[in-house]
Structure formats: structure tokens, C-alpha cells
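Every chain is numbered from 1 and lettered A, B, ... according to where its sequence line falls, protein lines coming before strand lines. As a basis for the values below, the full set of heavy atoms in this structure was taken, side chains included, without hydrogen atoms, waters or symmetry mates.
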There are 2 protein chains.
Amino acid sequence: MRRYGAFLIAQMHQVSGRIFSRMLKNHDIETISPAQGRILFALWSSDDIPIHELAEKTSLKKTTLTTMLDALQASGHIIRVPSGADRRKIHIRLTDKDKQLRETYSQVSAAMASLCYEGFSEEEIELFEGSLKKILANLKRFESGKDAPARSRRGKTQ
Amino acid sequence: MRRYGAFLIAQMHQVSGRIFSRMLKNHDIETISPAQGRILFALWSSDDIPIHELAEKTSLKKTTLTTMLDALQASGHIIRVPSGADRRKIHIRLTDKDKQLRETYSQVSAAMASLCYEGFSEEEIELFEGSLKKILANLKRFESGKDAPARSRRGKTQ
DNA sequence: TCAGGATAGTACTAATTAGTACTAATGATA
DNA sequence: TATCATTAGTACTAATTAGTACTATCCTGA
């Protein structure tokens with residue numbers, strides 16, 4: 001039985017990224033790209049967190065985030081705040097700047113969603129997103145734990 | 001009702017890409033990356049096609065393919081053949097080189113699939129992949145036709 | 001208390017992807 | 001049949017992402 005999962009997902013990611021990017025432009029959001037949007041989106045639900053935690057939430061590697069956060073900081077959307085307790089840690093904090101952004105971004109997200117789910121019943125959507133979450137959990141568990149059968153179990157983060 | 005679809009899909013793409021890439025390495029496929037693999041995968045089901053058709057099948061833009069095909073040609077996996085009929089067209093044709101590759105690649109794909117779908121019933125998988133295809137179709141229809149309500153309808157390809 | 005390992009973050013490089021702008025060839029129509 | 005839009009493909013640039021290698025800090029146990 002041949003499965004196409006990863007192949008289809010890669011395609012969806014590409015196409016939806018292109019569309020989303022164009023939609024943002026049409027809403028005069030020139031400053032934010034889809035990739036940056038995803039990072040802000042994660043911050044909107046839990047602000048003021050260290051980078052490695054943001055990496056966990058976005059499934060991006062911390063090296064990726066360093067670059068992206070540089071850009072978001074330069075455009076004034078976030079600031080880096082040293083965490084008093086642990087001097088290695090730096091907290092990422094949203095600024096006032098994206099208060100307006102947030103509203104528009106939600107609208108575009110909603111438009112994206114209704115485009116994706118055209119012809120779906122509520123139930124189908126629930127099922128589908130449930131499966132997505134399950135798969136993502138499978139993948140993350142594998143990646144972090146390496147799903148090692150019994151050996152070592154040191155849980156290397158990177 | 002808030003939907004997470006695109007956010008989840010982006011994450012899946014990232015994580016699965018990292019895992020897939022590592023799996024390929026573990027199977028001593030150093031020459032082929034996941035992205036190149038997806039292109040070859042598309043060719044395996046329909047060889048000897050022009051670039052714009054390959055773009056359709058992979059959901060990649062033709063500019064992307066130009067670059068990727070350069071690499072695949074350099075490593076000897078494909079050749080570019082002028083299409084006699086229309087002198088603008090160039091057909092992409094597989095070489096003998098990936099006869100062996102194909103076997104290993106299928107194994108890795110299968111491993112990926114069973115990892116993704118761990119804990120799924122056959123029925124759930126069918127449903128899920130069905131939904132994926134439906135969403136992808138929605139997105140592609142929108143992107144190519146621009147889903148324009150009634151106006152012009154010129155169907156710009158790019 | 002201090003030595004070794006783990007953790008937080010960054011710099012640098014490379015791969016993947018798309019957009020803009022181009023050339024060459026084809027087709028449609030006036 | 002001359003013109004003009006369309007189509008096929010490419011060059012160049014820029015954004016996103018991750019890997020490797022590094023520094024600084026923290027924690028643990030001998």
C-alpha cells in the first residue's frame with residue numbers, strides 16, 4: 001500500500017505559502033512574511049518566552065529562529081530581554097507594534113482556512129486537524145527522543 | 001472557531017523534512033536530498049515530460065525546478081532532451097542511475113509513513129489522505145484560476 | 001569547590017524555494 | 001502575413017531553513 005503523505009504535505013506547504021504570502025500583500029501587510037507570521041502567531045499565545053521554548057512551539061530549530069528574530073527585531077515587532085535568573089537565557093517579547101497587525105493577520109488566516117476547507121463539513125475539519133496533531137506529535141516524539149528502543153536515552157535537544 | 005491548519009502543516013513539513021533527510025543519510029543516500037527526492041518521485045510515475053508539467057505535478061514553480069534540475073542533471077540523475085515538436089520545450093528524462101536509488105527511496109518512504117501514521121487505523125489514514133488531496137485541490141484551483149468571481153478569466157500560469 | 005557535561009544562544013555556510021525580468025518560440029487574428 | 005499575446009524555459013536575487021561549530025553560563029557530584 002503506497003502512501004503519499006509527505007509528498008502531499010510538502011506540496012500543500014508550498015502552495016499555501018505562496019497563496020498566504022500573496023494574501024498578506026493584498027491586505028497591505030508588506031512588513032510580515034508568512035514565516036515571520038507563524039513566529040508571531042506562536043508568540044501571541046504565549047509571550048515573553050526564551051528562544052528554545054519558541055523553537056519547541058514552532059518546530060523550528062533555534063538556529064533558524066536566531067535569524068528570523070533578528071529580522072523581527074529590526075522591524076520592531078519583538079525585543080530581546082535578558083532573563084534575570086539565568087544569564088544564558090534571553091526572552092522574546094512582543095512590542096506594541098503588532099497590536100494592529102494581529103487583527104489583519106487573523107482575517108487573512110481565516111480566509112486561508114475557509115479556502116483550504118472549502119467543501120468540508122465541520123466534522124471533517126475536526127477529524128482532519130485531529131489527525132494532523134497526532135502526526136505532528138508522532139514526528140516530534142521521534143525527533144526529540146529519537147524513539148530509541150532502550151539505549152542511552154539522553155535526549156539530545158539538537 | 002479558530003483553525004490551525006496552515007500552522008500545523010508548516011510544522012509537519014519542517015519536522016518531517018528534517019527526519020526524512022536524516023533517514024536518507026542513514027541509508028547511505030548522500031546524493032539525494034528530500035527535495036530532490038520529491039522531484040524524482042514525481043518523475044517515477046510519469047517520465048519524459050516537459051518542465052512546466054513537472055511543475056504542475058510537484059506544485060513547485062518552474063523557476064525552482066530550473067535550479068533543482070541543474071543539480072539533478074549535474075549528479076547524473078536526469079537529462080534534458082529537446083522536444084522535437086515544439087522547440088521551446090525540453091523534456092526531462094530519468095537516467096539509469098536511479099534504478100537502485102528507487103528501491104532504497106521507497107523503503108525510506110515506507111519507514112516515514114509508518115512513523116507518521118503510528119497509532120492510525122487503515123480507515124483513518126484513508127480519510128486523512130483523502131482530506132489532504134481535497135485541500136491540495138482547493139489550493140491549486142485557487143492559485144491557478146485565482147478563483148476570480150467572474151472577471152477576465154485569463155488563467156495566467158505564473 | 002571545581003571539573004565535566006549539559007544548556008542557551010549565535011555566526012557562518014549551504015540548500016530549497018519563489019519572484020522579477022528576461023529570451024526564444026509559438027499561435028491567433030486582423 | 002505581420003503583429004501581438006501567450007507559452008517554455010532561464011538568470012539573478014532574496015527569503016526561509018537547518019547543520020556545524022562556537023562561546024558563555026549553569027549544574028552535578030566527587
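Whole-Å rounding puts the A:Leu72 CG to D:dA15 P distance at 13 Å. We find that CD1 of A:Ile49 is positioned 14 Å from C1' of C:dA8, with the value rounded to whole Å. Going from atom NZ of B:Lys62 over to atom P of C:dA21 covers 14 Å, rounded to whole Å. We find that CD1 of B:Ile39 is positioned 10 Å from P of C:dA18, with the value rounded to whole Å. The NZ atom of B:Lys25 sits 10 Å away from the C1' atom of D:dT20 (whole-angstrom rounding). Put simply, CG on A:Leu65 is 12 Å from P on D:dT16, counting in whole angstrom units. As a whole-Å value, the separation of A:Asp70 CG from D:dA18 C1' is 15 Å. Summarising the geometry, the separation between CD1 on B:Ile90 and C1' on D:dG9 is reported as 6 Å, rounded to the nearest angstrom.
Here A:Arg18 does not reach the OP1 or OP2 of D:dT16: none of its side-chain N or O atoms lies under 4.0 Å away. Not one side-chain nitrogen or oxygen of A:Arg38 sits closer than 4.0 Å to the OP1 or OP2 atom of D:dA15. Using a 4.0 Å cut-off, some side-chain N or O of B:His52 falls inside it from OP1 or OP2 of D:dG9. Between D:dT17 and A:Thr63, no contact under 4.0 Å exists linking OP1 or OP2 to a side-chain N or O. The side chain of A:Thr64 contributes an N or O atom lying less than 4.0 Å from OP1 or OP2 of D:dA18.
Residues A:Leu139 and B:Cys116 are in side-chain contact: their nearest non-hydrogen atoms beyond the backbone lie under 4.5 Å apart.
Nearer the 5' end of DNA chain C, as judged by each residue's closest nucleotide, is the contact made by A:Leu69, out of A:Leu69 and B:Ala85. Comparing B:Gly84 and B:Ala35 by the nucleotide of DNA chain C whose heavy atom lies nearest to each, the residue mapping closer to the 5' end is B:Ala35. When each of A:Asp86 and A:Gln36 is assigned the nucleotide of DNA chain D bearing its nearest heavy atom, the one mapping closer to the 5' terminus is A:Gln36.
Hydrophobic clustering keeps B:Leu127 apart from A:Phe128 (ILVMFWY residues linked when any side-chain heavy atoms are closer than 4.5 Å, directly or through intermediates). Placement of B:Leu69 and B:Ile79 in two distinct hydrophobic clusters is found when ILVMFWY residues are connected by side-chain heavy-atom separations under 4.5 Å, directly or transitively.
Among the atoms of the strands shown, only primed sugar atoms or phosphate atoms (P, OP1, OP2) are found under 4.0 Å from some heavy atom of B:Pro50. Within the nucleic acid shown, B:Ser33 comes within 4.0 Å of sugar-phosphate atoms alone, with no base atom in reach, counting heavy atoms only.
The base of D:dT25 has none of its N or O atoms less than 3.5 Å from a complementary donor or acceptor on the side chain of A:Arg87. Between the base of C:dG9 and the side chain of A:Thr66 there is no donor-acceptor pair shorter than 3.5 Å. Judged by distance alone with a 3.5 Å cut-off, no donor-acceptor contact links the side chain of B:Arg88 to the base of C:dT26.
Looking only at atom types and distance, the side chain of B:Glu122 has no donor-acceptor partner in the side chain of B:Tyr117 under 3.5 Å away.
Nearest to the side-chain atoms of B:Ile51 among the listed nucleotides C:dT17, D:dT17, D:dG9 stands D:dG9.
Within the structure, the salt bridge (charged side-chain N to carboxylate O under 4.0 Å, His left out) test picks out no pair touching residues 5-14 of chain B (sequence neighbours left out).
The shortest heavy-atom contact between B:Lys57 and B:Ser46 is CE-OG, 2.8 Å.
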